Structure formats: structure tokens, C-alpha cells
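Encoded as C-alpha cells, the structure appears first; notes follow it.
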Amino acid sequence: MARIVAANDDDSMELNAISSLHDSTLGQLLKNVSDVRKMAIGDETPVHESLNQDFNDGYMRTVPFVLSFDNLTYNVSVRRKLEFRNLFPRRRTEDPEIAQTARPKSKTLLNNISGETRDGEIMAVLGASGSGKSTLIDALANRIAKGSLKGTVKLNGETLHSRMLKVISAYVMQDDLLFPMLTVEETLMFAAEFRLPRSLPKSKKKLRVQALIDQLGIRNAAKTIIGDEGHRGISGGERRRVSIGIDIIHDPILLFLDEPTSGLDSTSAFMVVKVLKRIAQSGSIVIMSIHQPSHRVLGLLDRLIFLSRGHTVYSGSPASLPRFFTEFGSPIPENENRTEFALDLIRELEGSAGGTRGLVEFNKKWQEMKKQNNRQPPLTPPPSPYPNLTLKEAIAASISRGKLVSGGESVAHGGTTTNTTTLAVPAFANPMWIEIKTLSKRSMLNSRRQPEIFGIRIASVVITGFILATVFWRLDNSPKGVQERLGFFAFAMSTMFYTCADALPVFLQERYIFMRETAYNAYRRSSYVLSHAIVSFPSLIFLSVAFAATTYWAVGLDGGPMGLLFYCLIILASFWSGSSFVTFLSGVVPSVMLGYTIVVAILAYFLLFSGFFINRNRIPDYWIWFHYMSLVKYPYEAVLQNEFSDATKCFVRGVQIFDNTPLGELPEVMKLRLLGTVSKSLGVTISSSTCLTTGSDILTKQGVVQLSKWNCLFITVAFGFFFRILFYFTLLLGSKNKRR
């Protein structure tokens with residue numbers, strides 16, 4: 001809960017000011033509170049350094065929040081297994097039991113789940129694997145598609161809408177999804193850049209990060225990299241706390257966590273939950289799923305919900321567990337962990353004939369009995385200096401008291417007699433250019449600390465260029481030289497695309513980080529696409545220059561300085577198009593191995609239909625569409641035109657016409673006689689120096705007559721932009737991060 005932090009001597013003055021304005025309108029109250037703060041500490045900005053203090057030190061609690069959920073029900077369709085007997089039609093039956101088994105079944109993951117919790121508390125959802133813990137967390141966090149979930153989720157009695165929930169909440173996934181080469185401090189600072197508004201000075205963001213580091217208890221690891229399998233970094237418990245810190249950087253009102261203690265030892269799990277307790281005491285509602293808490297962890301929890309196959313079998317405080325199971329007829333033995341006993345009993349009942357039906361029914365009766373005995377009245381916000389506020393007004397008041405709710409701003413509108421306060425809720429905390437700048441900076445920093453990746457890429461390109469240069473060393477202008485040039489160009493251009501396949505794992509490794517960050521509008525998907533393109537482009541320039549410098553002079557290509565420039569440009573365009581194509585595929589395929597298989601296969605088809613193996617005029621009509629879709633076609637035709645565009649350059653003279661034919665093995669004298677005979681037959685004088693084939697003739701023979709080399713260059717570049725756009729739509733449609 002946000003509060004005013006003032007000098008000790010001025011506490012009474014501030015509280016008196018609030019008390020005297022109890023009946024004032026919200027706008028007047030906020031103005032006077034701001035004035036009091038200004039007199040007390042000389043600063044109107046929220047004080048975030050107070051995060052590590054004890055929030056139960058006697059200050060007045062303000063703007064309370066109560067989250068309630070009623071009758072949450074979620075069903076999913078279960079696909080029928082493909083069996084051999086189902087392939088054949090069967091006779092209809094009137095037996096309803098048999099008829100029921102033939103229809104598609106549905107499975108209930110949540111069945112009328114209800115509960116409530118308030119700020120300052122941790123609600124834990126417990127149960128065995130498959131009980132519905134994560135499903136309930138997803139339901140409360142709006143991670144189930146609209147229309148699939150039945151029931152209501154309300155905050156302070158008002159229904160939570162998706163846009164508002166994204167602003168005031170955070171969701172921590174079970175896995176620690178972090179960039180391995182960033183330090184803890186850098187990771188949290190980038191999260192602050194994304195989630196905190198541009199209007200907040202960078203110095204304030206740094207203060208927020210430093211306060212959060214202390215709150216998470218990771219000060220000693222602040223300058224240590226996160227690490228991965230190949231780089232030693234922070235411990236597992238510290239990684240989990242950093243993951244939590246990323247999502248609470250904007251001080252959310254609601255915090256959802258999916259098994260934050262999973263995979264941690266007892267001490268690390270206790271430290272994580274202790275951090276969550278401090279977060280709850282700061283004025284947040286913390287709801288998490290947990291598998292089997294220890295005795296120390298149980299002491300930090302305020303409310304428990306036990307689930308069994310989608311049903312509630314217990315809902316209440318940890319202190320009520322012994323009485324509940326005693327009345328049920330299964331008392332908890334002394335000196336035994338309460339949650340372990342409860343979970344073991346639930347598993348035992350699930351394996352029995354009647355299941356947990358009896359425990360579910362007993363819980364319903366027990367809850368009704370508690371309500372009748374007034375043991376557990378419905379939660380209502382306690383008295384507050386802000387009475388009768390709507391939800392938006394309550395959130396606005398919370399922001400004005402120090403909450404950093406992701407760019408939300410409380411805006412006071414005043415007139416001559418009345419003042420009102422509304423909540424301005426932007427979809428994103430920062431403008432697009434700030435997002436692109438921050439994403440690019442983070443990606444380049446992470447890449448710069450892994451120079452071996454770029455080193456391997458440029459080494460592979462240089463080695464490939466060296467091999468091609470030595471194989472096709474100083475080609476001449478003979479018919480054999482022409483054929484060898486065609487082979488060099490086809491292999492070189494296809495190499496550009498195969499080399500880009502190493503970009504496939506980049507997004508696949510970042511996919512879940514991207515989904516986590518965009519799920520709550522940390523940045524726009526379009527910003528990520530543009531940043532991805534900007535960061536990857538400089539490396540493509542180095543690769544293009546390296547390959548061109550390795551092969552152009554060694555192979556003996558023609559064209560002079562302008563030919564060299566165009567050669568570099570078409571190689572760069574090929575790298576750009578190939579990188580964009582592979583990036584698009586990385587947004588579609590689920591795994592690296594499947595992605596490599598698809599990339600290699602499609603690039604092979606592109607090369608097949610490029611025009612090198614079979615002339616365009618010889619491709620069947622039903623495959624000609626693939627020829628025009630081939631990414632290799634346009635760079636291949638461009639370099640052919642760049643090499644053979646000189647109409648004055650001759651490639652076949654006199655007796656060279658017999659090369660690449662069986663007559664090429666004849667003696668030179670015999671070739672001259674044959675040439676003379678051909679000349680007489682044609683009535684044309686053909687000598688040994690007569691030019692018979694120019695570059696234009698070669699282009700015509702190869703079917704390269706439809707587009708100029710510049711048009712081929714532009715089309716190749718356009719393909720790159722086209723696949724980047726497809727990548728954006730893939731992210732837009734394929735990363736909703738919601739259950740259906």
C-alpha cells in the first residue's frame with residue numbers, strides 16, 4: 001500500500017491534514033496531500049526509497065484493494081484418440097452410455113471456484129499436479145481467452161477489464177526467462193526503461209532499481225551476470241528473485257506467480273516467499289500457486305485454496321486447517337506439516353472410489369457454517385480517507401501516493417466548485433522510438449558479450465569464400481569459363497541464404513521472454529520487429545564485404561568498381577532477404593531442429609527453381625509459380641547481368657564453338673576445317689577470331705531477359721521487408737499467450 005513518507009516531526013501535521021479533509025472531494029484531497037508533502041519534505045515526487053521499510057509502523061493505510069472471484073468455471077474439449085476401430089463406421093445405438101462415449105468429451109479444469117483476498121496478503125493455491133493450480137492463476141490474470149472462462153473477477157467490487165488489468169498487474173512465469181549475459185542490475189534497469197513512463201527521470205528509475213535490489217535481497221549479486229549453461233552466473237534462488245523483480249518494477253497492485261518456489265531448495269524458497277511477503281506489505285495483492293510449502297513458508301501465507309481436479313476442497317487461513325480436517329474426521333497429527341498432511345490426504349482420496357467428492361461437499365457446508373457463525377465475513381475495504389471511490393479513482397489515488405503503476409497518471413480536473421480525479425491509462429508506458437532504442441541497446445549489449453557468435457558467422461563466410469575463390473581461381477572467358485561462372489554464382493548466392501540459417505535460434509531463444517514482456521504491454525510488437533531488424537543489419541554489412549572481398553578479385557569477375565559495388569549490394573540484399581525469411585520461420589516453428597529441417601528443405605527448392613539447373617523456359621507451367629517465388633532467382637539473375645551485361649565482350653570465338661561438345665577433342669587443324677565447312681554452308685565468313693557469343697547471348701540463353709539487375713536488387717530487398725512484415729503478423733497472431 002502506497003503511503004506518504006515524511007519527516008518524523010511532521011507526521012502529526014500530515015495526518016491532521018488528511019483527517020480534516022476526510023469529507024472533501026478527491027481532487028481537493030490530492031491537492032492538499034501534495035501540498036503537505038511539499039511542506040514536509042520539499043519534494044512532490046513519489047518517494048520510492050521507502051520500499052524496504054516496514055509498512056506496519058503506524059502510518060495510516062490508504063486506498064485498500066480487495067480482489068474477489070466468483071464461480072470461475074473453465075472447460076476444455078478433449079480430442080478423441082485416433083484408433084483403428086474408429087476409422088470404420090459403426091451402427092447406431094440407443095444405449096445412452098455408449099452413445100455418450102462416442103461424442104467428443106470435455107474436461108473441467110475449474111469448477112465454480114470462488115474466493116477473495118486483499119492487499120497486504122499472500123494467497124496460495126495448492127494441490128497435486130493437474131489439480132488446476134496454474135489454470136486458476138491464469139484465470140485470475142486474464143490469461144484465458146474471452147468466452148472460454150465463466151464467472152467474474154472483481155477488484156473492489158468492479159469487474160476488471162483487460163486493459164486495466166495489464167496496467168495494474170504483473171505475472172511471473174514458472175521458468176526464469178532472462179538474458180544470460182546481462183547483469184542483475186542491467187536486467188532490472190532495462191525492465192524499468194520498459195515499464196516506467198518516460199516522464200519519470202532516469203535518476204528516479206535508477207533509485208527504483210536500487211531500492212528493488214535491496215527489497216529482493218540480491219545486493220551482493222547486482223553486478224553479476226545472469227549466466228547460463230556456458231557462463232557461470234547467479235544462483236537459482238537469485239534468478240527467481242530477479243524474475244520476480246522484472247515484473248514488479250512498476251510496483252503493481254496485483255501480482256500473480258506460477259509456482260515461484262519450483263525447483264528451489266528450502267532456504268531459497270523461503271527467501272523468495274519472504275520477498276513476496278514484503279511486496280504484499282507494500283500494498284500489493286499477491287496470488288501464487290505453490291506445490292508443497294515448508295513450515296516456514298506456510299507461516300508467511302495468509303490465505304490458502306486447496307484444489308483437487310478443478311474443485312475447491314479447502315479455502316481459508318492456514319490457522320483454520322487443523323479445525324477443518326478435525327471436523328472432517330481426519331485430524332492433523334501434532335508436529336506434522338499441515339499442508340503435507342492435507343495434500344497427502346487429498347491424493348489418497350483421489351485414488352479412492354468416491355474421490356474427493358465428500359471433501360468438496362464438506363468444504364461447502366463448512367464455508368456456509370462459518371458465514372452463519374460470522375467467523376469469516378466477506379472482505380470489505382477498511383475505513384479509508386478516500387470514501388466512495390470508483391476503481392479508477394482508487395487506482396489514481398494509489399498512484400498519487402507513490403505507486404508506479406506503469407505510466408498511469410492521476411489527472412485532476414477542477415472547476416470553480418468541484419474537483420474530480422480520473423485515471424489516464426496509456427496502453428504503453430513509452431513512445432515507440434523509446435522502445436526501439438531500449439530494445440536495440442539491450443540486444444546489442446547481450447550480443448557484444450558473446451563475440452564468439454559473430455566470430456563464427458564471419459569465419460564461416462570467409463572460409464566459404466576462400467574455398468570458392470580457390471576452386472574457381474581466375475576464370476577465363478572461354479565457354480568452360482562461362483559454365484564455371486554460372487556454377488560459382490548459383491552456389492555463392494545460395495550460400496548467402498544457407499548462412500542465414502544461424503539466425504533461427506535467436507528468436508526461438510527469446511520467444512518466451514518476448515511473450516512475457518508483451519503480455520503486459522512492456523513494449524509494442526512492432527517495436528520488437530523494427531529493433532530486431534536494426535540490430536541484425538550491421539552484421540550483415542560486415543558479412544557481405546567479407547565475402548565480396550574474398551571472392552571478387554580471386555575469381556576474376558568483371559565490371560570494374562561499379563561492378564564490385566553492385567556485387568556487394570546484391571550480396572547484402574541476399575543476406576537481408578535470407579535473414580528476414582529465417583526470422584519469419586522462427587516465429588512459426590516451435591523448435592530449432594524442426595526449423596532447420598524446414599529452412600534447408602525450402603532453400604533447396606529455391607535453388608532448384610532459380611534457373612540454374614533448369615531454364616525458365618523449360619520449367620513446367622504447373623511449377624512456374626515457384627520459380628518466381630524463389631529467393632535465389634533474383635540475386636542469381638542480378639549477378640549474371642552484372643557479369644555478362646557488356647555487349648562488346650566476347651566469350652566464344654572461332655573454334656571455341658566446339659568446346660563442351662564431343663568435337664572439342666579433335667585436333668586444332670580439324671576444327672579449323674570444320675569451321676570452314678560451316679562457314680561455306682552458312683554463307684558467312686567465320687575465322688578463328690570471329691566472335692560467336694557475347695554476354696547478351698549468354699543472358700538470352702539462360703532466360704535472363706525479363707528484369708534488369710537493379711529490378712532484381714529491389715525485389716530481393718522487398719522480399720526482406722515482406723518477410724519482416726509477415727514476422728510481425730506472426731507475433732501478433734501467434735503470441736497471445738492465452739489459453740483457448
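Note that the coordinates shown come from a computational prediction; the quantities given were computed from them, not determined experimentally. The figures that follow rest on heavy atoms only: side chains count, while hydrogens, waters and symmetry mates do not.
The ring-ring contact (aromatic ring centres under 6.0 Å, His included) search around Tyr567 returns Tyr552, not counting sequence neighbours. Residues passing the side chain to side chain contact (heavy atoms under 4.5 Å, CB included) test with Thr700 are Val705, sequence neighbours excluded. Considering only residues two or more places apart in sequence or on other chains, Ile467 meets the side chain to side chain contact (heavy atoms under 4.5 Å, CB included) condition with Ile463, Val471. Legend: residues meeting ring-ring contact (aromatic ring centres under 6.0 Å, His included) with Tyr498, ordered by chain and number and at least two apart, are absent. Take Asn477 and apply the side chain to side chain donor-acceptor pair (under 3.5 Å) test, not counting sequence neighbours, and it matches no residue. Among residues two or more places apart in sequence or in another chain, the ring-ring contact (aromatic ring centres under 6.0 Å, His included) test is passed with Tyr636 by none. Considering only residues two or more places apart in sequence or on other chains, Glu435 meets the side chain to side chain donor-acceptor pair (under 3.5 Å) condition with Arg524, Ser527. Tyr171 meets the ring-ring contact (aromatic ring centres under 6.0 Å, His included) test with no other residue; sequence neighbours excluded.
Aromatic pair Phe719/Trp576: ring centres not closer than 6.0 Å.
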- [ ] Check the pair Glu185, Gln210 against side-chain hydrogen bond (donor to acceptor under 3.5 Å, both in side chains), reporting the backbone distance first and the verdict last.
- [x] CA-CA 8 Å; Glu185 188 174 10; Gln210 296 304 318; 2.6 Å; yes
- [ ] Evaluate ring pair (Phe, Tyr, Trp, His ring centres under 6.0 Å) for Phe722 paired with Phe584, printing each intermediate quantity in order.
- [x] CA-CA 10 Å; Phe722 173 70; Phe584 159 65; 8.0 Å; no
What side-chain donor-acceptor pairs closer than 3.5 Å can you find for residues 595-619, not counting sequence neighbours?
unit_1 : atom_1 : unit_2 : atom_2 : d
Thr597 : OG1    : Met593 : O      : 2.9
Ser610 : OG     : Leu607 : O      : 2.7
Asn615 : OD1    : Asn617 : N      : 3.2
Asn615 : ND2    : Lys701 : O      : 2.6

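Residue pairs satisfying the side-chain hydrogen bond (donor to acceptor under 3.5 Å, both in side chains) criterion with at least one member in residues 460-474, sequence neighbours excluded, are absent. Sorted by first and then second residue, the side-chain hydrogen bond (donor to acceptor under 3.5 Å, both in side chains) pairs involving residues 708-717 (not counting sequence neighbours) are Asn642-Lys709, Ser708-Asn711. Among residues at least two apart or in separate chains, side-chain hydrogen bond (donor to acceptor under 3.5 Å, both in side chains) pairs with a member in residues 501-515 are Arg457-Asp502, Glu510-Tyr528.
Between Asp697 and Thr694, the side chains place a donor N or O and an acceptor N or O closer than 3.5 Å (distance only, hydrogens not considered). There is no side-chain donor-acceptor pair under 3.5 Å between Tyr523 and Glu193. Under the 3.5 Å distance criterion, with hydrogens and angles disregarded, no donor-acceptor pair is assigned to the side chains of His231 and Arg449.
The environment of CZ in Phe626 is crowded: more than 12 heavy-atom neighbours from other residues, nucleotides or ligands sit within 6.0 Å.
A donor-acceptor pair under 3.5 Å is absent between the side-chain atoms of Asp176 and the main chain of Ser243, judged by distance alone.
Taking the six-membered ring for Trp and thresholds of 30 and 60 degrees, Phe727 and His532 have ring planes inclined between 30 and 60 degrees apart.
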